[in-house]
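Every number for a ligand or one of its atoms is a count from 1 in the order of the listing.
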Amino acid sequence: MRENSESLFKSARQIIPGGVNSPVRAYKAVGGTPPFICRGEGAFLFDADQNRYLDYIGSWGPMILGQAHPDVVKAVAEAAAKGTSFGAPCPQEIELARLIVDAYPHVEKIRMVSSGTEATMSAIRLARGFTGREKIIKFSGCYHGHADSLLVQAGSGAATLGVPSSPGIPKKLAEQTLTASYNSLDEVQQLVDEHENQIACIILEPIAGNMGCVPPEPGFLQGLRELATANAIVLIIDEVMTGFRVAWGGAQDLYGVNGDLVCLGKIIGGGLPVGAFGGREDIMSLLAPEGPVYQAGTLSGNPLAMCAGIRTLELVRDMSVYPLLEKKGRLLEAGITPYLEKYSDRLCLQRVGSMFCLYFTPGPVRSFNDALLCDTRAFSRYFHAMLQKGFMLPPSQFEANFISLAHSDRELERTVLAIGESLREIFSV
Ligand code: HOZ
């Protein structure tokens, strides 16, 4: 008998906790069985049940060119034919590093790792090593991967499952993580005053994509920059979602604010497992083997991932994708606006370029507390109404949706109609 998503999920649950290798995918927040994806092409995903979906997850950001872009596939295939992992330096690492530094001129040195989690975890260790301080400040609802120090008041899956602080994290370590509300400079100032000379770093998503899509309010990033500089605190800007997504130089370019360290994720590997962290030379040079702060990885700088990343970034650079993505985002927003007006007491849309979130709350959503006001039950009904119509949205209210270059205007118009129909269905019951 041919396997379908139902039977695959059943088998998976017997051998993999929750049947998934990352919690949000289990559909716990929205209910039902996650479709098992067998193939992606352009803007579409195809599941084990012969369904086709328009993809708004985009692997949580990196698939800016769409799935299986022929040039990227070719680059990976050619690299694979020459060996899949060396555990030794390869020339492509330098090429990708140069592309990144071209986009982020304030980044003087960069190190490749294998995931966003590794990037943020290592950047924090480095900030602690550099400053000799232990405390860090993060923002509730921001998610920076699942390293121990960062699973405090976290967004993404932790918010989705309602467990923003995880068991298994030593209390002493969790105590070193201080949290403030996103967009509240006053709260950060207060923490800095209360813990004078103890804060190693402030880490944030410059557009919070793990509680939907929350842009920084005017002056917020600038204010953090000034506060960090005045108090010798390392400012870590986590661009795992926004890097190369909202502008060639990421959110830092868009808003004109530079971090001391930047973290990047899977987009620099064209969707393959890659991350990176980089920044000021005086901080980065503390990393082993140049300095004493240890960090390592056999798969860091993996040749397949480097080649996929180089090709992806070259295409992104040469195709002037950002005005195109903005146009697509605007088209979608303009189409949805009449529904927002009709259901203004229940909905709001927040968007930056090709990242967006339809919130089931009138909004605006400026912080995690605002996001928590969402009617998540209505979101679940909406999610399933869209899924049935062939639209694959992130299975959580607390995640950003992503548009790729492969999303044609026709598909965006189809999305608008489906959203309208789905809202009518769920609000008329
Ligand atoms: N935490 C990821 C989104 N922000 C989801 C990871 C995944 O399930 O792939």
Atom indices of ligand 1, in the order listed, that fall short of 4.0 Å to a heavy atom of E399: 3 (C), 4 (N)
Summary of side-chain hydrogen bond (donor to acceptor under 3.5 Å, both in side chains) pairs that have at least one residue in residues 240-249, sequence neighbours excluded: D102-W248, E239-T242, R245-S354
Check: S181/E187 side-chain N/O donor and acceptor closer than 3.5 Å: yes
Q397 side chain to L358 backbone, donor-acceptor under 3.5 Å: yes
Per-atom contacts of ligand 1 with Y143, taking only distances under 4.0 Å to non-hydrogen atoms: 1 (N)
Within residues 261-273 or reaching into it, pairs that qualify as side-chain hydrogen bond (donor to acceptor under 3.5 Å, both in side chains) - sequence neighbours excluded: none
Contacting atoms of ligand 1, where contact means under 4.0 angstrom from a heavy atom of M241: 4 (N)
